[in-house]
Amino acid sequence: MKKQIFMELDKALHMVDLLLKKDFVVNGKTYNLAKCGWKFKGFDRAVNRLGVCYGGAKKIGLSKKMTQLRPEHGVKNTILHEIAHAIDNEIHGHSDHSYQWEKIAKSIGCSGERCTNVNNELSDAGMKSEEIIKKSYKYVGVCPTHGVLGGWTRKPKNNKLCKLCRSRIEIKEN
């Protein structure tokens, strides 16, 4: 049986719930975000980001599409990334990707990186670049010579050219 690469939403929801209820120790102080009033906002339709933290509303959220597209370890890192923002918000009243946030993120088990390359995660899981592009985007660009070259979430104009051979790229909807 083939190993499941992609995260299921119910598993991601369970993971968020567990991590929001977990006690994290940062600088000698314990933070349990559920006890501090933080909640999961839910899954949204974002395609240009993986997660979000709303400090004033005390909510974190995840992109539905990007969660379903990624392996479990990548989704967990995104959740921890947003939890680091929430803890930073509890400590400082705001959060960004500063050195302070990075220290918090690393101390709770997150990579501490500001951005994640989803293509690298998927290629590490054994997917080819063409599969990644087709899975990630609604529209793909296909060169008659070089095959699938890239993708878009919104339909681009049809006058795209292949950078390798300068032939016209056909835009196909997935």
Side-chain angles (χ1 to χ4, degrees), residues 1-13 15-16 19 39-57 59-86 88-89 94-99 101-102 105-106 110-174:
M1 186 171 183
K2 193 173 180 182
K3 185 181 167 194
Q4 176 70 22
I5 296 174
F6 305 114
M7 187 73 174
E8 295 171 6
L9 292 179
D10 59 337
K11 285 185 179 180
L13 185 59
M15 190 185 297
V16 171
L19 290 171
K39 297 192 182 324
F40 181 57
K41 172 188 159 300
F43 298 102
D44 58 33
R45 295 173 30 184
V47 290
N48 293 323
R49 62 165 172 71
L50 305 176
V52 65
C53 178
Y54 298 104
K59 292 182 180 181
I60 65 167
L62 295 172
S63 160
K64 181 179 179 181
K65 181 175 183 169
M66 300 311 288
T67 298
Q68 291 175 310
L69 181 64
R70 299 172 60 226
E72 185 175 326
H73 71 276
V75 174
K76 182 176 182 180
N77 190 62
T78 297
I79 296 167
L80 289 171
H81 176 111
E82 301 311 332
I83 285 175
H85 280 301
D88 192 24
N89 195 279
H94 69 282
S95 185
D96 52 23
H97 292 110
S98 66
Y99 174 72
W101 170 84
E102 185 181 349
K106 287 181 177 178
C110 175
S111 68
E113 294 175 353
R114 183 179 181 273
C115 298
T116 297
N117 187 326
V118 175
N119 289 348
N120 286 349
E121 283 182 353
L122 294 174
S123 61
D124 289 347
M127 285 188 76
K128 297 176 184 162
S129 61
E130 185 173 315
E131 292 175 281
I132 295 167
I133 291 167
K134 285 182 176 177
K135 196 86 172 144
S136 304
Y137 299 103
K138 184 174 182 179
Y139 299 95
V140 294
V142 182
C143 169
T145 307
H146 298 102
V148 176
L149 297 175
W152 301 269
T153 53
R154 295 188 183 133
K155 188 171 184 179
K157 294 181 176 156
N158 285 327
N159 56 355
K160 301 273 184 205
L161 298 177
C162 175
K163 291 179 181 168
L164 302 171
C165 66
R166 307 298 295 161
S167 61
R168 190 168 299 279
I169 294 174
E170 182 183 353
I171 307 298
K172 294 183 177 179
E173 187 171 350
N174 273 335

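Atom NZ of Lys160 and atom CD of Glu170 lie 15.0 Å apart (nearest 0.5 Å). Annotation: the span from Thr67 atom OG1 to Glu72 atom CD amounts to 12.0 Å, rounded to 0.5 Å. Residue Asn89 holds its CG atom at 13.5 Å from CD1 of Ile83, rounded to the nearest 0.5 Å. Separating the CG atom in Leu80 from the SG atom in Cys110 is a distance of 6.0 Å, to the nearest 0.5 Å. The NZ atom of Lys59 sits 8.5 Å away from the NZ atom of Lys39 when rounded to the nearest 0.5 Å. Cys53 SG to Lys41 NZ: the interatomic distance, rounded to the nearest 0.5 Å, is 11.5 Å.
Not a single donor-acceptor pair under 3.5 Å links the side chain of Asn174 to the backbone N or O of Val140.
Annotation: side chain of Met66 is not in contact with side chain of Thr78 (no heavy-atom distance under 4.5 Å). Taking the side chain as every heavy atom from C-beta outward, Lys155 and Glu173 never approach each other to under 4.5 Å. You'll find the side chain of Arg70 reaches within 4.5 Å of the side chain of Leu50, heavy atoms only. When side chains are defined from C-beta on, Leu62 counts as touching Val16, because their heavy atoms get closer than 4.5 Å. For the pair Tyr54 and Ile60, the minimum side-chain heavy-atom distance is 4.5 Å or more. The shortest distance between side-chain heavy atoms of Cys165 and Cys143 falls below 4.5 Å.
With a 6.0 Å radius and a threshold of 12 heavy atoms from other residues, nucleotides or ligands, Arg114 has its CZ atom at or below the threshold. Surrounding NZ of Lys65 are more than 12 heavy atoms belonging to other residues, nucleotides or ligands, all under 6.0 Å away.
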Would you sort out whether Leu69 and Phe6 count as a side chain to side chain contact (heavy atoms under 4.5 Å, CB included), showing the intermediate values?
CA-CA 5 Å; Leu69 181 64; Phe6 305 114; 4.1 Å; yes

Does the pair Glu82 and Leu19 meet the rule for a side chain to side chain contact (heavy atoms under 4.5 Å, CB included), with working shown?
CA-CA 11 Å; Glu82 301 311 332; Leu19 290 171; over 6 Å; no

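Of all non-hydrogen atoms in Lys172 and Val142, the two that sit nearest each other are CD-CG2, 4.1 Å. Between Asp88 and Ser95, the shortest heavy-atom contact is OD2-OG, 2.9 Å. Summarising the geometry of Asp44 relative to Ala46, their closest heavy-atom pair is OD1-N, 3.1 Å, with the distance given to 0.1 Å. Closest approach of Ala12 and Val75 over heavy atoms only: CB-CG1, 4.2 Å. In plain terms, the two heavy atoms of Phe43 and Leu13 that are nearest each other are CZ-N, 4.2 Å.
With sequence neighbours left out, Leu161 forms a side-chain contact (heavy atoms from CB on, under 4.5 Å) with Arg166, Arg168. Shown here are the ring pair (Phe, Tyr, Trp, His ring centres under 6.0 Å) partners of His97, two or more places apart in sequence or in another chain: His81, His85, Trp101.
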